[in-house]
Amino acid sequence: MTTAKTIIYHNPRCSKSRETLALLQANNADITVVEYLKTPLSATEIQTILQLLGLTARQLMRTKEDEYKSQYLADASLSEAHLIAAMVATPKLIERPIVLANNKAAIGRPPENVLSIL
């Protein structure tokens, strides 16, 4: 996945996601906005993002979401593939916002984190 454009995996209902998008716009980034709750990521896309971030699947998950608890995802014996499949099936579980630029990735928490990859 090359990132000639800057891609933000965005949830417009999230204040950090909105702040990160505004920061990208203020820096004149050529932005593609992907509302990942409407256009879910594939397992391959999530794997690529995890590699770019240097994180495990669990580290990319929103562990306080009800879906995390109801799907018993805290079980330490679950595989990376199982956790990635859960994020594909339930995109709400993915930490947000994620920005890809220049073949790098960053999570906009805080929003200023993304400036390092522009």
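Keep in mind it's a predicted model, so treat the numbers as computed, not measured. Any value given below was found using the heavy atoms of this structure, including those in side chains, with hydrogens, waters and symmetry copies removed.
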S.K.: With a 4.5 Å limit on heavy-atom distance, are the side chains of L100 and L52 in contact?
M.R.: yes

S.K.: Using a 4.5 Å cut-off on heavy atoms from C-beta on, say whether the side chain of L41 contacts that of I46.
M.R.: yes

S.K.: State plainly whether one hydrophobic cluster holds both I8 and L60, where clusters connect Ile, Leu, Val, Met, Phe, Trp and Tyr through side-chain heavy atoms under 4.5 angstrom apart.
M.R.: no

S.K.: When you group the ILVMFWY residues by side-chain heavy-atom contacts below 4.5 Å and let the links chain together, are I49 and L24 in the same group?
M.R.: no

S.K.: Who pairs with A43 by side-chain contact (heavy atoms from CB on, under 4.5 Å), at least two apart in sequence or on another chain?
M.R.: I84, V88

S.K.: Would you compute the distance between atom NZ of K92 and atom CE of M87 and round it to the nearest 0.5 angstrom?
M.R.: 15.5 Å

S.K.: Please answer whether the main-chain N or O of C14 pairs with a side-chain N or O of S17 as donor and acceptor at a distance below 3.5 Å.
M.R.: no

S.K.: List the steps and the verdict of side chain to side chain contact (heavy atoms under 4.5 Å, CB included) for V33 and L21.
M.R.: CA-CA 8 Å; V33 177; L21 179 58; 3.9 Å; yes

S.K.: With heavy-atom distances below 4.5 Å as the criterion, would you say the side chains of P111 and K16 are in contact?
M.R.: yes

S.K.: When you group the ILVMFWY residues by side-chain heavy-atom contacts below 4.5 Å and let the links chain together, are L50 and Y9 in the same group?
M.R.: yes

S.K.: Check for a donor-acceptor pair, side chain of E80 on one end and backbone N or O of A57 on the other, with a separation under 3.5 Å.
M.R.: yes

S.K.: Determine whether N11 and E35 make a side-chain contact, defined as any pair of heavy atoms from C-beta on separated by less than 4.5 Å.
M.R.: no

S.K.: Within the side chain of D75, is there an N or O that forms a donor-acceptor pair under 3.5 Å with the backbone of S77?
M.R.: yes

S.K.: Can any side-chain N or O of N113 pair as donor or acceptor with the backbone N or O of G108 at less than 3.5 Å?
M.R.: no

S.K.: Hydrophobic cluster membership, with links at side-chain heavy-atom distances under 4.5 Å among I/L/V/M/F/W/Y: are L53 and V114 in one?
M.R.: no

S.K.: Check E67, R62, E65, Q71 against T90 for a side-chain hydrogen bond (donor to acceptor under 3.5 Å, both in side chains) and give me the one that passes.
M.R.: Q71

S.K.: Looking only at heavy atoms, which two atoms of P97 and T20 are closest? And how far apart?
M.R.: CG-OG1, 3.4 Å

S.K.: What are the two closest heavy atoms between I117 and A106, and how far apart are they?
M.R.: CD1-N, 3.8 Å

S.K.: How long is the straight-line distance from OG1 of T32 back to CG of D30, given to the nearest 0.5 Å?
M.R.: 6.5 Å

S.K.: Test side chain to side chain contact (heavy atoms under 4.5 Å, CB included) on E95 and M61 and set out the steps.
M.R.: CA-CA 5 Å; E95 187 57 83; M61 296 183 95; over 6 Å; no

S.K.: The test is side chain to side chain contact (heavy atoms under 4.5 Å, CB included); show your working for Y68 and R58 and say whether it passes.
M.R.: CA-CA 10 Å; Y68 185 85; R58 190 173 308 281; 2.8 Å; yes

S.K.: Please check if V99 and Y36 belong to a single hydrophobic cluster, counting links between Ile, Leu, Val, Met, Phe, Trp and Tyr side chain heavy atoms closer than 4.5 Å.
M.R.: no

S.K.: Between I31 and Q25, is any pair of side-chain heavy atoms under 4.5 Å apart?
M.R.: yes

S.K.: Any donor-acceptor pair under 3.5 Å linking the side-chain atoms of Q59 with those of T56?
M.R.: yes

S.K.: What's the spacing between R109 CZ and I107 CD1 if we round to 0.5 Å?
M.R.: 9.0 Å

S.K.: Quick one: do H10 and V34 satisfy side chain to side chain contact (heavy atoms under 4.5 Å, CB included)? Show the steps, please.
M.R.: CA-CA 6 Å; H10 178 61; V34 177; over 6 Å; no

